[in-house]
Structures are given as structure tokens and as C-alpha cells.
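For reference, the structure is listed below as C-alpha cells.
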Amino acid sequence: MSKALHWLKLNHIDYYDCSISERNLASYPDEGPPVVVDYYTSSLNKDPESTSIHDMEEEDAQQKVLVHL
């Protein structure tokens, strides 16, 4: 992960001034992501609160991903 973060810092303008904590990196596991990823299938792909009342398209089921940091 350290190599990837240093590469990103060198190669992406939005990350050039980020500081990377080697202490925090050392606390992450050697294998697997340092976060929990949950997958679940939703019966709706539209948020009712942000969908227009004139939106008449059919809804498709989709898979959602939650990442817990």
C-alpha cells in the first residue's frame, strides 16, 4: 500500500501535497484491504427522495457496495 500511495503522490496533481503516515501504514494488515467491504443487493436503483415525479423509467436491481473505514 505504501508504494501505491507514494506513486499516487508523485503522479496525481491532487495528491502532491498529502502527507503519508508510515506509522499508520505499519498498523494495517499485510494481506487484504485495511477496510471492511460489504456487498448487498438492492431492490431499487433510484433514491425516491432525489427522483423526479416525472421519471417513468423502469427500475433495475443493482448491487451496492459499502466501505467502512
Side-chain angles (χ1 to χ4, degrees):
M1 183 180 302
S2 178
K3 287 181 183 180
L5 290 173
H6 285 288
W7 181 92
L8 190 61
K9 188 173 176 174
L10 290 172
N11 294 286
H12 196 290
I13 188 103
D14 292 336
Y15 294 91
Y16 80 95
D17 62 346
C18 290
S19 59
I20 299 171
S21 171
E22 297 298 330
R23 182 175 163 206
N24 287 349
L25 283 173
S27 69
Y28 295 145
D30 290 335
E31 298 295 324
V35 296
V36 176
V37 179
D38 292 328
Y39 298 94
Y40 70 93
T41 302
S42 173
S43 60
L44 303 174
N45 68 343
K46 296 181 182 179
D47 180 14
E49 293 180 6
S50 61
T51 303
S52 167
I53 61 170
H54 303 290
D55 186 350
M56 304 305 274
E57 292 181 8
E58 293 290 323
E59 295 179 350
D60 297 326
Q62 69 178 7
Q63 191 173 41
K64 293 189 177 187
V65 176
L66 296 175
V67 177
H68 306 280
L69 301 174

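Worth saying up front: this structure is predicted, and the values here are computed from it rather than measured. Scope of the values below: all heavy atoms of this structure, side chains included, with no hydrogens, waters or symmetry mates.
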task = For the residue pair L8 and D14, establish whether any side-chain heavy-atom pair is separated by less than 4.5 Å.
result = no
note = The reported gap from OG in S2 to CG in N24 (rounded to nearest 0.5 angstrom) is 12.0 Å
remark   = Output for pair (L25 CG, H6 NE2), nearest 0.5 Å, gives 7.0 Å
Shortest non-hydrogen contact between Y16 and I13, atoms and distance = CD2-O, 2.8 Å
key: Side chain K9, main chain D17, donor-acceptor under 3.5 Å   = no
task = Check whether any side-chain heavy atom of E22 sits under 4.5 Å from a side-chain heavy atom of I20, and report yes or no.
result = yes
Residues in ring-ring contact (aromatic ring centres under 6.0 Å, His included) contact with Y15, at least two apart in sequence or another chain = H12
